[in-house]
Amino acid sequence: MPAKKPKLAVFKFASCDGCQLSLLDAEDELLPVAGAVEIANFPEASRRVLRGPYDIGLVEGSITTPHDVERIRHIRKECKVLITIGACATAGGIQALRNWKDVKEFTRLVYASPEHISTLDRSMPVGSYVHVDFELRGCPINKYQLLEVVNAYLNKRKPNIPAHSLCIDCKTKGNICVMVAKGTPCLGPVTQVGCGAICPSFNRGCYGCFGPMENPNPASLSKQLKELEMGNHDIMLLFRGFNAYAEAFRKESDAHEK
Amino acid sequence: MVIIGFTHFDELLSALRKRDYTVIGPVARDGAIALDVILSASDLPKGCHDEQQPGSYFLRHEEDEAIFGYVVGPQSWKKYLYPPRLKLFSAKREGKGFEIVSDSATPSPKYAFLGVRPCEIGAIKINDSVFDGGQYSDARYVSTRKDACVIAVNCTRPAGNCFCVSMNTGPRATHAFDLALTEICENGTHHFVVDVGSELGQSILEDVTHRQAEKNEIERALDLLSTSAAGMCKSLETEGLPQLLNDNYEHPEWDDVAKRCLACANCTMVCPTCFCSTVDDITDLTGDHAERWRRWDSCFTSDFTKIAGGNIRMSTRTRYRQWMMHKLAHWHDQFGTSGCVGCGRCITWCPVGIDITHEAQHIRETSISTINS
Ligand code: SF4
Ligand code: SF4
Ligand code: SF4
Ligand code: SF4
């Protein structure tokens, strides 16, 4: 353990705060973390803000405004290690659904005085503006993965965060595959592991909260979904969820859009 | 051979428990057959019959009383012989290094495996050669296996993806069991024709009400088993297969299968002979306490082939090829047998229904002789 505690800061962009809350939710485990790092900025937990530079920056949320772009560039300069947390920061989030539409139309519909709204055309992942050192997937993230990545940083070891399919965890948990045994559409075979296979454990198909796995093959999965009598529109919607703008899912949903 | 009537089946379970066995057997759960602890005959799946096709599994429920009227589900005995996650040791920091706290590996209970199918006996024999065959042996596997009692069940009906006849492993168990049962459930009869395979099996049998089997009862059991063998729709032509695959290392079929394969690793998870694992070293926040955990891994993951300097199998094409060639070709060099016992699990539980027998047959029919690169 280094003599001087590393400074950890949490930054928020366009998001629901659910990922930050995952860290707060890790009550039992949070105290030792608070003892091991100096929490320099954590809007959901404390109003105290310490000045940078920071050793670890955790970034939640997607980049949606010109101001966000300035801010993330500044944050990148302030953080030695930058870790994005959650589907918003790693893929643009659910709000990236607007990337398929004209954002001006939305602002006209939603706001009384749309002329005051300054926004980018698209909701983008942090990684499309600055270099990201590590991505933590999920909507929301898994608190154990977050603790693992902080733990690994503190102990200067590789985090145990695999990038393979969800199916491996689903099978090692002893679940019965919902796709094979029930014909329920499941994104597990193209989705990165990390949630603990929650949905298939409750007899539901995976929604892809953790985004595309390492070399995913969504086209082959879609073909099988068609065999299960899923139509193009439903396949398009299935891939267009929390990680809609992650490249592999985006391309697959586009391929099924009429 | 002897007969145990269905009404005395619970005595078999009591006889096992009396000998301190934890009985593991098939249960119907979430629309399929899984393996779990069995306390009484009523835990076994009554009137359940499986229909298996590539990428599809369906459990039918009928009125009959058969308790073994289905074959293999997605799980296999490897779940107990080498669990999916296992703590290998814990360690504590001592000066600049770590000291291993060696008493951390939890010993497994003494298992009685009930309902082991003939192909699974083949798989367990293969597991033995992997974990207890060579220079290195896995102490936990060896002790779990040595203590295990095997109650086999012969298959009077194969499922749609079974091809044990080709692999010479079924549908009748011939060795490596303590007791082997053939369930007869027809025309008002419900009993088990029992083969005794060991002294342990004989002593267990002493505690269960039984009688000598009549000639016609034995013949009926053998009849059902030969009909089962004859009714197997799937097959794998094994003649010269290792050489054939070696000659077709660059066959275009590997590209074709890569278009379909999801690299999801379901096939390796369900295969009763796939044994690969990786280890995770974990620490607490202080870094003073560490643990090493072993978990099942697969040749379909990228980390699996990451070595210093890069990854030696970047594409799904090379990963599927590795998997299939290991099973059907390299296993012979490594362990002296095929790595496939013909249970059909990888075919049923592949979400896109990739069929190892079709892939092999296609390569055979369109074989190109290439020089191994
Ligand atoms: S239920 Fe979904 S995640 Fe689980 S094995 Fe089947 S396809 Fe994979
Ligand atoms: S492959 Fe043969 S031994 Fe195995 S379950 Fe099927 S019929 Fe039984
Ligand atoms: S390769 Fe497939 S058929 Fe052969 S033993 Fe493994 S799971 Fe069974
Ligand atoms: S063969 Fe099937 S089960 Fe195996 S990795 Fe490919 S898609 Fe998954």
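Atom set for the values below is all heavy atoms of this structure, side chains included, hydrogens, waters and symmetry mates excluded. Just so we're clear, the structure is a prediction, and the values are computed from it rather than from any experiment.
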*Evaluate side-chain hydrogen bond (donor to acceptor under 3.5 Å, both in side chains) for B/Thr286 paired with B/Asp284, printing each intermediate quantity in order.*
CA-CA 6 Å; B/Thr286 64; B/Asp284 66 358; 2.9 Å; yes
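Counting heavy-atom pairs closer than 4.5 Å to chain A, the top residue among B/Ser315, B/Ala265, B/Pro84, B/Gly73 is B/Pro84. Comparing A/Val178, A/Val33, A/Thr172, A/Asn160 by heavy-atom pairs within less than 4.5 Å of chain B, the highest count is held by A/Asn160. Interface summary for chain A: among B/Thr283, B/Asp288, B/Leu35, the most heavy-atom pairs under 4.5 angstrom belong to B/Thr283. Contacts with chain B were tallied for A/Pro216, A/Gly174, A/Ala163, A/Pro162; A/Gly174 has the most, counting heavy-atom pairs under 4.5 Å. Considering only heavy-atom pairs separated by less than 4.5 Å from chain A, the leading option among B/Ala258, B/Ser302, B/Ala263, B/Pro74 is B/Ser302.
Taking 4.5 Å as the limit, every side-chain heavy atom of A/Asp55 sits out of range of all side-chain heavy atoms of A/Leu8. B/Arg345 has its side chain out of reach of B/Ile347: every pair of non-hydrogen atoms, C-beta onward, lies at least 4.5 Å apart. With contacts defined as side-chain heavy-atom distances shorter than 4.5 Å, the pair B/Phe275/B/Asn127 does not qualify. With contacts defined as side-chain heavy-atom distances shorter than 4.5 Å, the pair B/Tyr80/B/Thr144 does not qualify.
Between A/Glu148 and A/Lys143, no side-chain nitrogen of the basic residue sits less than 4.0 Å from a carboxylate oxygen of the acidic one, so the salt-bridge criterion is not met. A salt bridge links B/Lys87 with B/Glu291; the closest basic N to acidic carboxylate O contact falls under 4.0 Å.
For the pair A/Lys171 and B/Trp296, the cation-pi test (distance below 6.0 Å, angle within 45°) is failed.
Of all non-hydrogen atoms in B/Arg140 and B/Ser108, the two that sit nearest each other are NH2-CB, 3.2 Å.
Using a 4.5 Å cut-off between heavy atoms, B/Asp281 contacts chain A through its backbone alone, with no side-chain atom that close. For B/Arg29, the parts lying near chain A are the backbone and the side chain together; criterion is any non-hydrogen pair under 4.5 Å. Residue B/Thr348 touches chain A through both its backbone and its side chain, counting heavy-atom pairs closer than 4.5 Å. At a 4.5 Å heavy-atom cutoff, B/Leu59 makes no contact with chain A through either its backbone or its side chain. Heavy atoms of B/Phe300 lying under 4.5 Å from chain A belong exclusively to its backbone.
Using a 30° and 60° split on the angle between ring planes, B/Tyr111 and B/Phe113 fall in the parallel class, below 30°.
Residues of residues 221-254 of chain A that come within less than 4.5 angstrom of chain B, heavy atom to heavy atom, are A/Leu221, A/Gln224 in numerical order.
Without hydrogens or angle criteria, B/Asp50 side chain to B/Val71 main chain gives a donor-acceptor distance under 3.5 Å.
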